[in-house]
Amino acid sequence: MDTEAMKSKGNTVGETAPIGNSSAADGNGAGKPDARTRKQNAETPDTGKLNTGKLNTEKTRSFDEAAKDAAGRGDLTKPRTVYVVGHKNPDTDSICSAISYAYLKNQTDGERFRFVPARAGQVSAETQYVLERFGAEVPRVLDNIGTRVKDMEIRRVPGVRSDISLKKAWTLMTTQNVYTLPITNEKNCLEGLITINDIAKSYMEEYDSAIVSVAKTPYRNILETLDAEMVVGDPDGYFDRGKVVIAAANPDVMENYIDEHDMVILGNRYESQLCAIEMQAGCIVVCLGATVSRTIKLLAEEHGCTVISTPLDTYAVARLINQSMPVDFFMRKEHLMTFRLDDYTENIRETMSQKRYRDFPILDKKGEFVGMISRRNLLGVRKRGLILVDHNEVSQAVDNVLDAEIMEIIDHHRLGSLETMAPVYFRNQPVGCTGTIIYQIFRERGVGIPAQIAGLLCSAILSDTLMFRSPTCTGMDVEAARALADIAGVECETYAPQMFAAGSDLISRTPEEILYQDYKTFEFGDLNISIGQITSMNAQELDSIRERMIPLLEKLPGSRETDMVFFMLTNIIEETTELLCYGKGSEHLVKEAFDREVKDNRAQLPGVVSRKKQLVPSFMTAISRMTAL
């Protein structure tokens, strides 16, 4: 008796049974058309040598290496990056203090952290002059400190090639405990995704006996899946025509069911093998490791029939043959939901909640595959480290500052609305410049001050104190500036006018550039009041700028989340300010604060040169009185 008939008791004797056992589904779970319909649109397989079953390791690590990656964060021994940044629309103090404090922190805490100076806006002409004068680089822009995808625990799952078998993909998923496999090409670019659900549907819902050929299954996949050897044929070829049948009948009956190019699963019966070859079968699979005679080999070569020998029985071959199909046929290729490393988590959170996918691929700037994230990774995202200098109010800080881990605050302004989740190092002193505080910290910690850093800090103090003319200036500012000037090799009285002259060249700049080079918004109860300021030693230049600024200032109240807008035109030499006032209630506020009449939206404020120590405190006192009434 035929050994295959004995092993295949589930098949009715005398019948040749078609085989196939799932309806192919794409990555979204939608069923695919009939196999013969799909066959018309199937792509021509790559004729090059296959890399079946191999991981795509040119640009990614192996699964074992990936499994050792603690939480997807990469090398945890590397210092953590912490940004040191000043306020929006930064002035010279904000930029120079950020650079200097980052340098100081790298000297004292550089083993655990990497401190990077940053800026939250454009560099002013004055600040640009300072940086060029002392050979310092312009800090990088940091306009949003919100957490990004690269701050999440990314699972560094290596990509696999699209020609690996479903069985190989399943094995990788189960051994590595993942639910989604990324399919990448030789350049590590994402081609598609396949999930455990896709594989389950391909196995459970497909009943088309031609599905194996429609999928253009590589013979190497079949050999690997069936633990078989190629007796006759090309291992690098494809089974791309015909259906799969089991030869469970005698040759007379088989002739009615075997078509040209079919794959026939059979046993050791010589006449069955001969019949299949004569019926122009494309491939015969000989089970139970039965010996293939020399005659059958010669006939198979003459007829172009592939002969495969496997130690498995008919039942096992019939069950496993569909698992040899390439993942390319079932993977989801279109409308892939991917994210980039630089995407903000606040932007992807809603998208992830709306999609019913378990995993989402991550790409780098070049579009190359990096790894996978899931919804649970949003829970453990690590906030970005931040040190604030020269401000402590949310309205003046970089966007999403409350989503960052604020580690320190160094400032010389009033206490603002900023709140932190945990205690932080907060140093706030009533001096004229943040640079003065940083100079003191250098001395307290015994860190030497290079000439470049000394020049930056000296410039910050001279700028913020208007060369010691501002009422905010203290003896500590003067002492610090002169000590720093000695280190930097400059004379305060000679250098300061040169710096101010560079910053006063405003004729060539647009009104927007002039306004936002030093522009802050303050919260006074329910009011948001914005105050901009420019300083100059040239009264005619200030008069010219005033006329250019008026059209812009008239538009601002009610926009940009501000109720009132004030613009200070400060003459350094005369120590006076002309204040431009716009917005409902602005004129009344100025009269209440300074007892000055406002005419044509303008008020003259002799002796007022400081926004921090004169204008803002006077506004706060006036608003308090007005609220009490």
Side-chain angles (χ1 to χ4, degrees), residues 78-146 148 150-151 342 383-392 396-401 404-413 418 424-427 433-442 445 447-464 480 484 487-488 499 517-518:
K78 292 182 179 180
R80 180 186 176 191
T81 298
V82 178
Y83 294 100
V84 184
V85 65
H87 52 74
K88 292 180 179 178
N89 307 307
D91 56 10
T92 299
D93 183 22
S94 182
I95 298 289
C96 293
S97 292
I99 296 173
S100 302
Y101 199 60
Y103 172 84
L104 171 61
K105 294 295 291 184
N106 280 321
Q107 303 306 305
T108 58
D109 298 304
E111 292 185 1
R112 295 184 302 141
F113 302 97
R114 182 174 70 95
F115 298 92
V116 178
R119 57 188 170 94
Q122 297 299 316
V123 173
S124 69
E126 177 186 284
T127 307
Q128 186 66 45
Y129 171 81
V130 172
L131 295 178
E132 292 177 356
R133 174 71 180 264
F134 295 101
E137 294 184 0
V138 177
R140 58 167 292 177
V141 175
L142 182 69
D143 52 10
N144 193 323
I145 194 62
R148 302 189 184 190
K150 61 185 176 183
D151 301 310
D342 288 334
K383 295 183 176 182
R384 302 170 79 184
L386 187 66
I387 294 178
L388 303 181
V389 296
D390 200 31
H391 71 298
N392 70 95
Q396 299 174 14
V398 295
D399 292 344
N400 289 315
V401 65
E405 181 184 352
I406 300 174
M407 303 173 72
E408 296 185 25
I409 301 175
I410 311 295
D411 193 20
H412 67 122
H413 296 93
L418 192 62
V424 301
Y425 178 77
F426 191 132
R427 183 155 177 168
C433 177
T434 304
T436 300
I437 304 175
I438 294 175
Y439 166 73
Q440 293 174 348
I441 299 175
F442 265 100
R445 299 187 182 179
V447 178
I449 306 178
Q452 181 190 69
I453 298 299
L456 297 179
L457 290 175
C458 178
S459 301
I461 297 172
L462 293 174
S463 175
D464 250 24
L484 290 165
I487 299 173
M499 179 181 68
Q517 75 172 17
D518 188 5

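What you are looking at is a predicted structure, and each value in this text was computed from that prediction instead of being measured.
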Electrostatic pair Glu408-Lys105, nearest N-O below 4.0 angstrom: yes
NZ/NE/NH1/NH2 to OD/OE distance under 4.0 Å, Lys383 and Asp151: no
Calculate, to the nearest 0.5 Å, the distance between atoms [atom1] and [atom2] belonging to [X] and [Y] respectively.
X	Y	atom1	atom2	value
Thr436	Ile461	OG1	CD1	3.5 Å
Tyr439	Ile453	OH	CD1	14.5 Å
Ile409	Arg427	CD1	CZ	14.0 Å
Ser463	Tyr129	OG	OH	13.0 Å

Between [X] and [Y], is any pair of side-chain heavy atoms under 4.5 Å apart?
X	Y	answer
Asp464	Thr92	no
Glu405	Arg80	yes
Val389	Val85	no
Asn392	Phe426	yes
Val116	Val82	no

Work out which heavy atom in [X] is nearest to a heavy atom in [Y]; give both atom names and the distance.
X	Y	answer
Ile487	Ala451	O-CB, 3.7 Å
Ile406	Val424	O-CG1, 2.9 Å
Pro117	Ile99	CB-CA, 3.8 Å
Ile387	Phe115	CD1-CE2, 3.8 Å
His87	Asp91	NE2-OD1, 3.5 Å
Gly86	Ala98	N-CB, 4.5 Å

Whether [X] side chain and [Y] backbone form a donor-acceptor pair below 3.5 Å:
X	Y	answer
Asn106	Ala102	yes
Gln452	Gly135	yes
Asp93	Gly435	yes
Arg384	Gly146	yes
Ser459	Gly455	yes
Arg119	Pro139	yes
Asp411	His391	yes

Side chains of Ser100 and Ser97, donor plus acceptor under 3.5 Å: no
Parallel, tilted or perpendicular: rings of Phe442 and Tyr103 (30°, 60°): parallel
Pair Val138-Gln128, side-chain contact (heavy atoms from CB on, under 4.5 Å): steps then yes or no: CA-CA 8 Å; Val138 177; Gln128 186 66 45; 3.9 Å; yes
CA sep, side-chain torsions, deciding dist, call: Ile410, Val84, side-chain contact (heavy atoms from CB on, under 4.5 Å): CA-CA 10 Å; Ile410 311 295; Val84 184; over 6 Å; no
Within 6.0 Å of CD in Gln107, more than 12 heavy atoms from elsewhere: yes
Heavy atoms from other residues, nucleotides or ligands near CZ of Arg114 exceed 12 (cutoff 6.0 Å): no
CA sep, side-chain torsions, deciding dist, call: Val401, Leu386, side-chain contact (heavy atoms from CB on, under 4.5 Å): CA-CA 8 Å; Val401 65; Leu386 187 66; 3.8 Å; yes
Salt bridge (charged side-chain N to carboxylate O under 4.0 Å, His left out) between Lys88 and Asp399, worked out: CA-CA 9 Å; Lys88 292 180 179 178; Asp399 292 344; 3.0 Å; yes
Working for side-chain contact (heavy atoms from CB on, under 4.5 Å), residues Val130 and Cys96: CA-CA 9 Å; Val130 172; Cys96 293; 4.0 Å; yes
